[in-house]
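This report refers to the structure that appears directly beneath it.
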Amino acid sequence: MIRVELVYGRRSTWGALAQRWGAALLGIVSACALLYLLPVERWLADGRTASAAADGALVAEPVGGNVLPDGDALPTAISEPVLPVHQELSAADAESAAPIADADMDAAAIVLPPIGEPMPVDEVGARGEAEHGAVPSITTACFSAVTVASTVPAESQLGLVSCSGDGRYELSGTVKDSRGLAAVQAALANVLDGAVLSSDREGDGAIHFFVAGRSGRSRDVALATLAQVQARAFFARVEYWADLCGIDDISLGAVSELPVDGQRQRWRRRLVGTGSYGQIDALLSRMATAGETAGLVELILTPVSGAGGRDRAMRLSGAIDVVVHR
Amino acid sequence: MVGQRAWLASLCRRRSRLEALALVDFELPFRADAAMLVDAQLRVQLAEVLVEVGEEYEIDYGNVCFALEHSTVLLKKTPLIAGSEREMREHLQWEAEQFLAGEERDFSVDCLLEAEWGLFVAVRHSALDYYLDLGGETGMKRVDVDVPAFALYNAGECAGLLPSAERELLVYAASDEAHMLLVEDGQPLQMAVRTWDGEDDAAEILSSAAKRLLREVEGGVGCAWCAGPDAEVWGADLAESLDCPMALLDPLAQIGEEELSEGFTPEQRTPYAIAVGLAQRGLAS
């Protein structure tokens with residue numbers, strides 16, 4: 001049985017109840033002990049009792065296990081977008097990739113973008129991570145993303161460019177006619193090895209294309225092992241570079257620690273921002289100079305405005321890996 | 001609930017034998033979608049319909065599972081890292097957080113871990129609360145939710161039909177919506193949801209979506225399992241376009257025909273595939 005636990009969490013109901021009551025009991029005992037050991041007046045004056053209790057309540061709250069008393073008081077509406085980055089590109093991809101009818105998705109898509117579209121297999125670090133304990137090496141392919149993207153003829157509407165850690169590129173978009181499709185194929189054949197093109201005709205007569213292939217101008221780089229302080233400094237530098245290159249709305253996500261072996265681990269952070277082709281290319285070029293310090297294990301570019309040409313704004317989402325000593 | 005139709009299956013297990021207590025196919029007063037869930041008035045109306053159906057067919061709402069409306073669910077597949085299960089779950093949680101708008105605590109996230117990859121499923125707590133509200137307004141004691149495509153697979157597996165081939169495609173289509181699940185050795189490999197409107201060629205949409213799913217894997221599928229109203233018709237066309245055999249997913253195949261109402265054929269049972277899968281989940285909980 002395929003089973004995910006969304007309402008009751010990944011534990012039995014009894015387990016959840018026990019944990020919940022256990023947390024509550026522990027909270028009461030701790031509070032009593034604190035009240036006994038510390039002057040109550042000081043806590044009340046600081047107003048910290050209330051905030052501590054509130055924090056405790058948040059932690060002890062089961063995963064959606066209770067109906068909220070007042071629907072209007074819900075912290076977030078269902079109509080909020082679920083995905084800031086990937087879903088937008090999924091939706092953009094779906095919109096352009098979908099066969100005839102999917103170009104006008106149903107009304108529900110207005111509430112939330114359809115999420116169950118065929119999902120590309122996320123190949124973040126697929127190669128390196130599959131080899132347990134191997135020296136992490138990453139291809140330099142993703143640093144050429146803007147070069148690949150700008151190869152697509154200006155007449156076509158590019159919807160998505162993605163590059164994965166093993167050098168595989170996927171591009172999708174729309175063209176007006178079969179002549180445009182041939183131009184896309186010819187252009188990408190110059191920069192991608194083994195490029196395979198497929199297409200669907202959409203309702204308005206436009207043709208949606210999807211191209212997959214590998215970067216022909218990349219090499220594998222074995223990542224050096226950094227001290228953790230060096231890694232932190234590197235990520236700070238990346239953020240500075242992004243700012244310097246004029247990238248807007250920069251966000252560097254939290255660190256995900258991925259084990260490599262007993263002595264080393266990968267630190268992965270996701271950089272998100274918006275910029276023109278030129279700005280993003282400048283950032284990628286700077287990052288490429290880091291050599292064996294860091295690798296780009298995934299890069300996704302999606303247009304965020306209707307303007308064409310090289311100056312159009314693209315949303316950048318890249319997963320950056322470094323290897324550090326534990 | 002798909003479009004303006006709903007299928008309800010009430011099952012029980014007595015001495016390890018499955019019994020179908022009620023199978024009800026009924027019309028909704030409005031389209032069942034995420035907007036319906038958000039609107040408190042519509043939710044109350046839907047609850048009234050469910051209460052009416054429950055009373056008419058004497059359905060016990062003690063343990064109920066809803067199929068999640070497709071636009072409320074985020075599913076993402078990602079390769080796994082080396083490490084313990086806890087580390088892999090933490091990594092998937094991190095991956096999920098990168099793609100979710102809002103705070104981590106706004107979402108309920110769970111994941112399926114397979115040999116080389118994981119699939120995380122995320123739903124906003126507020127969306128889950130709407131289902132729980134609906135359950136509360138209907139007088140349901142325990143409410144759970146599931147992804148429709150997972151319920152479809154579970155229905156086939158519990159009926160003893162799956163897995164039957166190395167690679168299989170499961171398709172449920174009804175009204176203007178289709179759910180697809182590509183399965184390899186019993187593990188979900190890829191999923192898709194398609195919607196269309198009246199003027200579109202549904203057969204072409206299904207075929208195109210299925211081919212797009214299969215593009216992720218080399219080679220074709222051993223079988224296309226089809227379920228939903230008129231599945232025997234559109235399923236044949238789909239299987240022909242995919243060049244594979246087609247089979248009707250009868251979620252109650254394990255129950256002898258003599259135990260069901262007379263004339264209740266597999267063609268009539270297959271629209272209940274997702275509903276039966278949801279009920280099977282309830283029986284297993």
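First the proteins, then the strands, lettered A, B, ... as listed; each starts at 1.
Proximity to chain B (any heavy atom under 4.5 Å) is shown, for A:Val196, by neither the backbone nor the side chain. Contact annotation for B:Gln187: neither backbone nor side-chain heavy atoms come within less than 4.5 Å of a heavy atom of chain A. Only the side chain of B:Asp146 comes within less than 4.5 Å of a heavy atom in chain A; its backbone stays farther off. With a 4.5 angstrom heavy-atom cutoff, B:Leu68 touches chain A only via side-chain atoms.
The closest donor-acceptor contact from the side chain of B:Asp110 to the backbone of A:Glu5 lies under 3.5 Å.
Heavy-atom pairs under 4.5 Å with chain A were tallied for B:Arg281, B:Met180, B:Met36; the largest tally goes to B:Arg281.
Between A:Arg3 and B:Asp144, the closest heavy-atom pair is NH2-OD2, 4.4 Å.
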What verdict does the side chain to side chain contact (heavy atoms under 4.5 Å, CB included) test give for A:Val7 and B:Leu132, after you've listed the backbone C-alpha separation in whole Å, the side-chain angles of each residue and the deciding distance to 0.1 Å? CA-CA 9 Å; A:Val7 174; B:Leu132 296 171; 4.1 Å; yes
CA sep, side-chain torsions, deciding dist, call: A:Ile2, B:Leu181, side chain to side chain contact (heavy atoms under 4.5 Å, CB included): CA-CA 12 Å; A:Ile2 302 172; B:Leu181 181 68; 4.2 Å; yes
